Novice: 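What follows is a single structure, and I will ask about it in a moment.
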Amino acid sequence: MAKTETKDEPDYLGHRERLRHRFLLGGGRDMPDYELLELLLTIAIPRRDVKPLAKELIRKFGSFAEVVNAPMEELTSVKGVKENTAAVLKIVRECSVRTSWQNLKSMDLPVISDFDAMVDYCRSAMAYQNVEEFRIIFLNAKLFVIAEEIQQRGTVDQVAIHPREVIKSAMKHGASAMILVHNHPSGVVTPSKADIEVTKRIKEAAEAVSIKLFDHLIISKSSVYSFHNEGLI
């Protein structure tokens, strides 16, 4: 009887299984960024050794967070990253943002009682944008989160903020209070004179219709500036 030929399995399959096992045991906490990314890439690219690609993405963008927050066009410019792979990475980013938002909205305490949760959400949603973005988080009379709205997207160093539109949106959502948030892609969260002036104008306009401007946050990847905490509101 002729012997049945068997084809050896690629070496990377055993490596993948070991990675998966480590992740299931420890939840990924002991895994460096490139290994966690490698494990994720195995879902998008099931028939290839993706360890070199994972290391290249970390080298190019700097960290796991930077990779999943990178624009689609920058991801697909990396050799080996096709649209499907980039889409998987962007899904991870959206899952993180949505989880942070739903946790924030489901809090059974006033949002101001957990400043860190607010900052975590804003950072995951905005800090990695390469242009300035301005959004409003609307609160009810008990200071529970009820909604949010992205008002404007601007350029790398400025975004247009219109007090009339801010108040209009707050009234549409039936808000009793609100928190303004915008990001500084430069990483420097110190407010500009324009930031301070427009915040003052919005506060005055809000008070005229009995809406409280509770805070204005400026977010970066590693820092946050709170107008409320700095005594500017």
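Each residue takes its place number in the sequence, starting with 1. The model shown is predicted, which means the values in this text are computed figures rather than measured ones.
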Novice: Ignoring hydrogens and angles, tell me if any N or O in the side chain of Asn183 forms a donor-acceptor pair with the backbone of Glu133 under 3.5 Å.
Specialist: yes
Novice: What are the two closest non-hydrogen atoms of Ile146 and Gly174, and how far apart are they?
Specialist: CD1-O, 4.3 Å
Novice: Consider only side-chain heavy atoms of I, L, V, M, F, W and Y, link residues closer than 4.5 Å, and tell whether Ile150 and Phe138 are in one cluster.
Specialist: no
Novice: Taking Glu38 first and then Lys51, would you say they form a salt bridge - that is, a charged N and a carboxylate O separated by under 4.0 Å?
Specialist: no
Novice: Starting at NZ of Lys212, measure out to CD1 of Ile233 and round the result to the nearest 0.5 Å.
Specialist: 8.5 Å
Novice: Assigning hydrophobic clusters by single linkage (Ile, Leu, Val, Met, Phe, Trp, Tyr; side-chain heavy-atom cutoff under 4.5 Å), is Ile45 placed with Val68?
Specialist: yes
Novice: Could you give me the CA-CA distance, side-chain angles and deciding distance for Leu139 and Ile137, then say whether side chain to side chain contact (heavy atoms under 4.5 Å, CB included) is met?
Specialist: CA-CA 7 Å; Leu139 313 174; Ile137 296 174; 4.2 Å; yes
Novice: Are Ile58 and Leu36 co-members of a hydrophobic cluster defined by side-chain heavy atoms under 4.5 Å apart?
Specialist: yes
Novice: One pair to check against side chain to side chain contact (heavy atoms under 4.5 Å, CB included): Val119 and Asp116. What are the steps and the verdict?
Specialist: CA-CA 5 Å; Val119 171; Asp116 289 343; 5.5 Å; no
Novice: Can you tell me how far apart CG (Leu213) and CG (Leu180) are? Round to the nearest 0.5 Å.
Specialist: 4.5 Å
Novice: Do Arg48 and Leu53 make a side-chain contact, defined as non-hydrogen atoms from C-beta onward lying under 4.5 Å apart?
Specialist: yes
Novice: Who pairs with Glu197 by side chain to side chain donor-acceptor pair (under 3.5 Å), at least two apart in sequence or on another chain?
Specialist: none
Novice: For the residue pair Asp195 / Ser192, report whether a side-chain donor-acceptor contact shorter than 3.5 Å exists.
Specialist: yes
Novice: Give the C-alpha distance, both sets of side-chain angles, the deciding distance and a yes or no for side-chain hydrogen bond (donor to acceptor under 3.5 Å, both in side chains) between Ser63 and Asp33.
Specialist: CA-CA 6 Å; Ser63 68; Asp33 279 6; 4.8 Å; no
Novice: Who pairs with Gln151 by side chain to side chain donor-acceptor pair (under 3.5 Å), at least two apart in sequence or on another chain?
Specialist: Glu149, Ser169
Novice: Would Ile136 and Glu148 satisfy side chain to side chain contact (heavy atoms under 4.5 Å, CB included), going step by step from the backbone distance to the final call?
Specialist: CA-CA 5 Å; Ile136 313 167; Glu148 72 163 347; over 6 Å; no
Novice: Within the 4.5 Å heavy-atom criterion, are Trp101 and Asn103 side-chain neighbours or not?
Specialist: no
Novice: Check for me, please, whether Tyr128 and Val81 land in the same ILVMFWY cluster - side-chain distances under 4.5 Å, paths through other members count.
Specialist: no
Novice: Show the numbers, then the answer: is there a side chain to side chain contact (heavy atoms under 4.5 Å, CB included) between Met178 and Val166?
Specialist: CA-CA 10 Å; Met178 58 187 173; Val166 172; 3.7 Å; yes
Novice: Grab the two heavy atoms, one from Thr76 and one from Ala86, that are nearest each other, plus how far apart they are.
Specialist: CG2-CB, 3.9 Å
Novice: Any side-chain heavy-atom pair from Val224 and Ile218 closer than 4.5 angstrom?
Specialist: no
Novice: If you draw a 6.0 Å radius around NZ in Lys90, do more than 12 non-hydrogen atoms from other residues or ligands fall strictly inside?
Specialist: yes
Novice: Is there a donor in the side chain of Tyr34 and an acceptor in the side chain of Glu56, or the other way round, less than 3.5 Å apart?
Specialist: no
Novice: Around atom CE of Met107, are there more than 12 heavy atoms from other residues, nucleotides or ligands closer than 6.0 Å?
Specialist: yes
Novice: With no hydrogens and no angle check, just 3.5 Å: does a side-chain donor-acceptor pair link Ser226 and Asp215?
Specialist: yes
Novice: Looking at Glu83, I want to see if its CD is surrounded by more than 12 non-hydrogen atoms of other residues, nucleotides or ligands under 6.0 Å.
Specialist: no
Novice: Apply ring-ring contact (aromatic ring centres under 6.0 Å, His included) to Phe23 and list each qualifying residue two or more places apart in sequence or on a separate chain.
Specialist: none
Novice: Any luck finding a side-chain donor-acceptor pair between His228 and His216 under 3.5 Å?
Specialist: no
